[in-house]
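Notes follow once the structure below has been shown.
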2 protein chains.
Amino acid sequence: MLSAACKDSIRAMIYIAKLQKEGYREKFVSIHKIAKDLGLSFYFLSKNFQKLVKAGLLESHRGPQGGVRLLKRPSEIRLIDIVEVIDGMEFFNNCILGFEECSDQNPCTIHNLWAEKREEIYSMFSSTTLEDAIKNIDKFSNVKV
Amino acid sequence: MLSAACKDSIRAMIYIAKLQKEGYREKFVSIHKIAKDLGLSFYFLSKNFQKLVKAGLLESHRGPQGGVRLLKRPSEIRLIDIVEVIDGMEFFNNCILGFEECSDQNPCTIHNLWAEKREEIYSMFSSTTLEDAIKNIDKFSNVKV
DNA sequence: AGGATTTAAGAGTATTTTATCCTAAATATA
DNA sequence: TATATTTAGGATAAAATACTCTTAAATCCT
Ligand code: FES
Ligand code: FES
């Protein structure tokens with residue numbers, strides 16, 4: 001469902017938010033460090049981050065002490081924002097059976113069932129923020145980041 | 001979420017079920033006809049069907065008047081059965097953030113949220129049969145197959 | 001100013017998925 | 001039995017995705 005690029009990006013964003021307690025306008029975190037700490041490819045991650053920077057979710061800074069930092073508070077960045085930038089909204093707009101159009105007016109044989117579930121997934125991603133994810137780290141003792 | 005191969009296969013299975021009103025042990029339907037009627041690639045579809053035949057969801061027959069037909073009643077073939085054969089169960093077993101393990105004992109930061117939604121998607125696919133899909137064709141006037 | 005650090009950008013490579021093609025095998029029917 | 005029809009399976013090609021590398025630009029620090 002999520003591309004590898006999107007999975008990496010979400011993990012990284014959560015990690016940045018976790019480092020920046022209050023969440024933004026703090027020290028820049030180097031992409032190299034993030035990739036190393038999370039076991040991700042530096043090359044792949046820095047490439048994907050370029051989109052998040054362009055989209056205004058991250059601010060980047062070059063040179064020593066450079067890196068990236070959030071442009072909003074963790075409570076203001078939703079998972080769906082990241083998904084939209086990296087993967088786009090195709091998943092939430094397209095027919096699950098591959099038809100060109102997907103709407104109540106032009107449904108496929110399982111549209112009525114799928115559209116409902118899909119809406120719930122959308123709700124989940126749009127109601128969950130980086131702050132919510134961080135809270136789970138404390139809430140559950142054994143969460144992996 | 002579903003691969004192109006899986007989307008094609010589900011549509012095709014629903015179409016076969018629709019042709020075979022009572023559902024199985026009827027005339028074979030040629031793959032060529034199915035592909036033509038649904039606007040799918042004959043080559044791609046026949047390749048994917050090989051898996052469904054091996055898995056026992058379809059029976060195939062070569063030669064004139066040959067083709068494929070269902071091995072069970074449409075009410076006995078669930079969408080999840082097709083998904084499992086074509087795409088596998090990775091979607092329902094793997095962590096949405098890409099971690100190796102996914103379980104309540106070893107959760108990622110959004111496992112608690114995602115596992116619930118994923119379970120509902122699984123329920124949808126495992127409680128919907130080819131017969132249910134066909135019924136929607138009659139139930140809603142404008143359904144595309 | 002000069003060197004070190006760090007992201008940006010784009011080109012390049014690898015892998016996976018999707019799609020096509022070709023030949024063989026099975027089989028109905030004329 | 002000969003022929004046309006139809007799937008099986010292996011091989012190949014094309015496209016999409018994932019990943020890497022190289023060079024450039026910005027910026028800090030001495
Ligand atoms: S038309 Fe198929 S899911 Fe909406
Ligand atoms: S561990 Fe990530 S979804 Fe289960």
Side-chain angles (χ1 to χ4, degrees), chain A residues 1-13 16 19 27-71 83 85-88 90-91 94 97-98, chain B residues 1-13 16 19 27-71 83 85-88 90-91 94 97-98:
Chain A
M1 176 201 168
L2 300 179
S3 68
C6 195
K7 294 174 184 180
D8 286 6
S9 297
I10 291 176
R11 283 186 60 198
M13 288 291 276
I16 296 168
L19 287 182
K27 273 200 309 185
F28 289 100
V29 188
S30 92
I31 299 175
H32 186 78
K33 172 183 167 55
I34 300 169
K36 181 166 142 272
D37 289 354
L38 298 184
L40 304 175
S41 153
F42 163 76
Y43 293 128
F44 196 46
L45 186 62
S46 58
K47 177 116 305 235
N48 297 139
F49 269 1
Q50 290 177 16
K51 287 188 188 175
L52 296 174
V53 170
K54 270 192 186 153
L57 294 184
L58 281 180
E59 181 180 12
S60 68
H61 194 72
R62 294 198 250 207
Q65 314 310 315
V68 294
R69 68 183 176 192
L70 303 180
L71 262 174
V83 172
V85 169
I86 303 294
D87 281 354
E90 288 74 17
F91 177 83
N94 291 0
L97 293 186
Chain B
M1 176 198 169
L2 300 180
S3 69
C6 195
K7 294 174 184 180
D8 286 6
S9 298
I10 291 176
R11 283 185 61 199
M13 287 292 277
I16 295 169
L19 288 182
K27 272 200 312 185
F28 290 100
V29 188
S30 90
I31 300 175
H32 186 79
K33 172 182 166 55
I34 300 170
K36 180 167 143 273
D37 290 353
L38 298 184
L40 303 176
S41 154
F42 163 75
Y43 293 125
F44 196 45
L45 186 62
S46 57
K47 182 120 299 240
N48 297 138
F49 269 1
Q50 290 177 15
K51 288 188 187 175
L52 296 173
V53 170
K54 271 193 185 153
L57 294 183
L58 282 179
E59 181 180 14
S60 68
H61 193 72
R62 295 198 251 207
Q65 313 310 315
V68 294
R69 68 182 176 192
L70 304 181
L71 262 174
V83 172
V85 169
I86 303 293
D87 282 352
E90 287 75 16
F91 177 83
N94 291 0
L97 294 186

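Here is how names work: the chains are called A, B, and so on, in the same order as the sequence lines, proteins then strands, and each is numbered from 1. Only heavy atoms go into these numbers, but all of them, side chains included; no hydrogens, no water, no symmetry mates.
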If I take atom NE2 in residue H61(A) and atom C1' in nucleotide dC29(D), what distance separates them, rounded to the nearest angstrom? 13 Å

Validation row: M1(A), F91(B) side chains within 4.5 angstrom (heavy atoms): yes

Upstream residue (5' side of DNA chain D) when G63(A) and L45(A) are each assigned their closest nucleotide: L45(A)

If you assign each of D8(A) and R62(A) to its closest nucleotide in DNA chain D, which residue comes earlier from the 5' end? D8(A)

For side-chain contact (heavy atoms from CB on, under 4.5 Å), just list the numbers for L71(A) and V53(A), CA-CA rounded to whole Å, side-chain angles, deciding distance to a tenth of an Å, and then say yes or no. CA-CA 9 Å; L71(A) 262 174; V53(A) 170; over 6 Å; no

Round to a whole Å and report the spacing from CZ of F49(B) to P of dG9(D). 15 Å

From dA8(C), dA19(C), dT20(D), nucleotide with atom closest to S41(B) side chain: dA19(C)

Separation of dC19(D) atom P from Q50(A) atom CD, nearest Å, is 16 Å

Given dA11(C), dT20(C), dA18(D), the nucleotide with the shortest approach to the side chain of F44(A): dA18(D)

What is the separation between atom CG on N48(B) and atom P on dT17(C), rounded to the nearest whole Å? 13 Å

pair L70(B)-L58(B): side-chain heavy atoms closer than 4.5 Å: yes

What closest approach, in Å, do I86(B) and K51(B) show between heavy atoms, and which atom pair accounts for it? O-NZ, 3.6 Å

Answer whether the closest heavy-atom distance between the side chains of I34(A) and V68(A) falls below 4.5 Å. yes

Where the side chain of K47(B) is concerned, which of dA11(C), dG10(D), dA8(D) is the nearest nucleotide? dG10(D)

Quickly work out the E59(A) CD to dT6(C) C1' distance and round it to whole Å. 15 Å

In whole Å, what is the span from the CD1 atom of I31(A) to the C1' atom of dT20(D)? 15 Å

Options dA28(C), dA8(D), dT7(C), nucleotide nearest the side-chain atoms of S60(A): dT7(C)

Looking at dT7(D), I'd like to know if its phosphate oxygens (OP1 or OP2) sit under 4.0 Å from a side-chain N or O belonging to H32(B). no

Starting the side chain at C-beta, find the nucleotide from dT7(C), dA28(C), dC19(D) nearest to F42(A). dT7(C)

P64(B), nearest nucleotide to its side chain (from dT20(D), dA28(C), dT20(C)): dA28(C)

Could you tell me whether the phosphate oxygens of dC19(D), OP1 or OP2, come under 4.0 Å of any side-chain nitrogen or oxygen in Y43(A)? no

Rounding to a whole Å, what distance do you find between K33(B):NZ and dT6(D):P? 12 Å

Please give, in whole Å, the distance from dA8(C) P to K54(A) NZ? 10 Å

